[in-house]
Amino acid sequence: MKRRNFLKNTGTATAGLISVPLLGACEKKKAVNTITNSIETIRPIVICTWDFMNASAKAWEVLQKGGNALDAVEQGVMVEEADVNNQTVGVGGRPDRDGNVTLDACIMDKDGNCGAVLCLENIAHPISVARKVMEDTPHVMLTGTGAEQFAYEQGFEKTNLLTEQSKKEWLEWKKTSRYEPIINIENHDTIGMLAIDKNGDISGACTTSGMAYKMAGRVGDSPIIGAGLFVDNEVGGATATGVGEEVVRTVGSFLIVELMRQGKSPQEACEEGVKRIIGKNSDHTDFQIGFIAINKKGETGGYCIQPGFTYRTYSQAGHKNNPSDSYINS
Ligand code: ASP
């Protein structure tokens with residue numbers, strides 16, 4: 001469904017297609033028996049940050065075929081990791097200030113299992129390495145050369161992540177940058193994705209090349225469980241995009257899930273998460289933070305701040321490049 005139709009359907013929930021205000025999503029109704037034998041509606045759904053339509057469409061394809069949420073989010077975000085035109089995730093990502101592309105990713109499943117890779121080089125699909133860390137090691141995180149070595153042992157191929165385009169822009173940046181580790185608020189677009197499958201189970205994934213031209217070794221929120229992503233299958237899930245340092249400081253995604261546990265809707269929880277960050281910054285006008293969230297009922301929310309705006313809900317989007325200015329694809 002095109003954005004036009006998404007907007008048209010916003011707020012008009014009908015059988016078969018439930019619109020999701022604010023967020024890109026795919027969902028469908030399905031009646032199943034719960035343990036208590038009552039009929040409960042479980043709607044598979046996937047949402048993601050930004051307007052990564054192809055990624056959410058891929059995840060939706062997995063869910064539609066009866067696949068589980070973990071496979072859906074992994075395969076969904078892999079679409080962006082493979083897209084050389086997306087300079088904020090995976091192959092083609094913008095490098096650090098030394099010209100090296102370093103990738104961060106994490107994944108979390110319905111049972112609270114999780115895996116992450118930090119500062120991983122030369123591997124096209126960090127999300128799949130993160131899943132391997134989760135499933136095939138006793139650990140949660142692997143970093144740098146250790147993560148890379150592990151990836152090769154698991155059969156991942158060495159890949160040059162720095163495209164000509166990203167290299168050209170980096171060389172241009174170096175001319176004027178004074179080589180300082182600045183945070184460029186425009187040069188990031190992490191994909192965070194949350195899905196519920198036909199069994200009502202939730203999983204999430206988050207993957208990024210991080211801040212463009214960051215200091216070598218810098219890691220943001222995206223691969224940090226609790227910061228860039230958190231899932232509690234009894235409650236819901238949340239994921240973040242934007243200036244990772246701010247999200248880490250507030251353990252943003254964990255906070256949002258805990259707020260939902262206390263009874264807040266996903267929207268209210270995302271707004272509170274953003275407000276916590278604003279509360280810690282006297283000048284919050286020069287950075288961008290966005291959260292999206294989903295609860296066990298399949299309700300969704302999203303909220304962000306961006307330069308020039310105090311707050312911004314995604315229904316106010318009306319323009320591209322808003323962290324959840326996304327689409328319904330069913
Ligand atoms: N959160 C990411 C980071 O700080 C950047 C982004 O969301 O684009 O690395």
Side-chain angles (χ1 to χ4, degrees), residues 24 47-52 55 77 80-81 83 85-97 100-107 116-121 126-127 130 141 143-144 147 161 166 169 181-194 204-230 238-256 270 273-274 276-277 280-281 284 286-293 302-307 312 314 320-326:
I47 64 174
C48 68
T49 54
W50 303 98
D51 56 351
F52 295 126
V77 301
E80 292 307 317
E81 288 182 336
D83 183 357
N85 295 317
N86 181 342
Q87 292 179 283
T88 59
V89 180
V91 185
R94 292 191 179 90
D96 65 17
R97 64 182 187 168
N100 299 310
V101 182
T102 67
L103 304 178
D104 303 325
C106 73
I107 194 161
V117 288
L118 288 68
C119 234
L120 176 63
E121 294 183 55
I127 198 66
M141 292 190 225
T143 68
L161 303 176
S166 288
E169 290 176 15
I182 57 160
I183 288 177
N184 181 334
I185 57 109
E186 292 304 331
N187 286 338
H188 63 87
D189 272 2
T190 296
I191 181 165
M193 182 176 275
L194 303 163
C206 189
T207 178
T208 189
S209 52
M211 291 291 173
Y213 320 133
K214 59 198 174 187
M215 289 177 73
R218 179 269 185 189
V219 172
D221 60 315
S222 304
I224 308 296
I225 295 295
L229 173 73
F230 194 71
T239 186
T241 182
V243 179
E245 283 74 5
E246 300 299 333
V247 179
V248 169
R249 290 209 293 156
T250 50
V251 200
S253 293
F254 179 76
L255 169 67
I256 285 167
C270 287
V274 167
R276 290 282 174 96
I277 290 172
K280 293 190 184 305
N281 289 277
H284 55 264
D286 65 347
F287 63 80
Q288 183 176 59
I289 296 287
F291 289 106
I292 62 169
Y303 207 55
C304 78
I305 46 168
Q306 336 202 120
R312 196 163 184 88
Y314 302 130
K320 288 282 200 178
N321 300 326
N322 216 345
S324 283
D325 183 14
S326 200

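Counting starts at 1 for both ligands and their atoms, in listed order. What's counted below: heavy atoms across the whole structure, side chains too, no hydrogens, waters or symmetry copies.
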Check: Mind checking whether D221 has an N or O less than 3.5 Å away from an N or O of ligand 1?
Finding: yes
Next item on the list: Over all heavy atoms of both residues, which pair between I256 and A238 is shortest? Give the atoms and the distance, please.
Entry: CG2-CB, 3.6 Å
Next item on the list: Can you sort out the partners of N86 under side chain to side chain contact (heavy atoms under 4.5 Å, CB included), two or more places apart, ordered by chain and number?
Entry: F52, E80, D83, T88, V89
Checklist line | Per atom 4 (O) of ligand 1, closest listed option by heavy atom (K214, Q288, E246, R218) | finding: R218
Item checked: side chain to side chain contact (heavy atoms under 4.5 Å, CB included) between C119 and T102, intermediate numbers included -> CA-CA 5 Å; C119 234; T102 67; 3.9 Å; yes
Check: At a 4.0 Å cut-off, with the gap strictly under it, does some heavy atom of E245 reach an atom of ligand 1?
Finding: no
Notebook entry, point to check: Taking the minimum heavy-atom distance to atom 5 (C) of ligand 1, which of G210, G244, G242, G252 ranks first?
Noted result: G242
Item checked: Residue pair C206 / A240: nearest heavy atoms and the distance that separates them -> SG-O, 4.2 Å
Margin query: By the definition side-chain contact (heavy atoms from CB on, under 4.5 Å), identify the one residue from L120, L118, V219 that meets it with T143.
Written below: L118
Note to self: When you compare ligand 1 with T190, is there at least one nitrogen or oxygen pair between them that comes in under 3.5 angstrom?
What the structure shows: yes
Note to self: I'd like to check the salt bridge (Lys or Arg N to Asp or Glu O under 4.0 Å) partners of E169; sequence neighbours left out, ordered by chain and number.
What the structure shows: R94
Next item on the list: Using a strict cut-off of 4.0 Å, indicate which atoms of ligand 1 neighbour a heavy atom of T241.
Entry: 6 (C), 7 (O), 8 (O)
Margin query: Show the atoms of ligand 1 that are less than 4.0 angstrom away from any heavy atom in S222.
Written below: 1 (N), 2 (C)
Check: For ligand 1, is T88 a contact, meaning one of its heavy atoms is under 4.0 Å away?
Finding: no
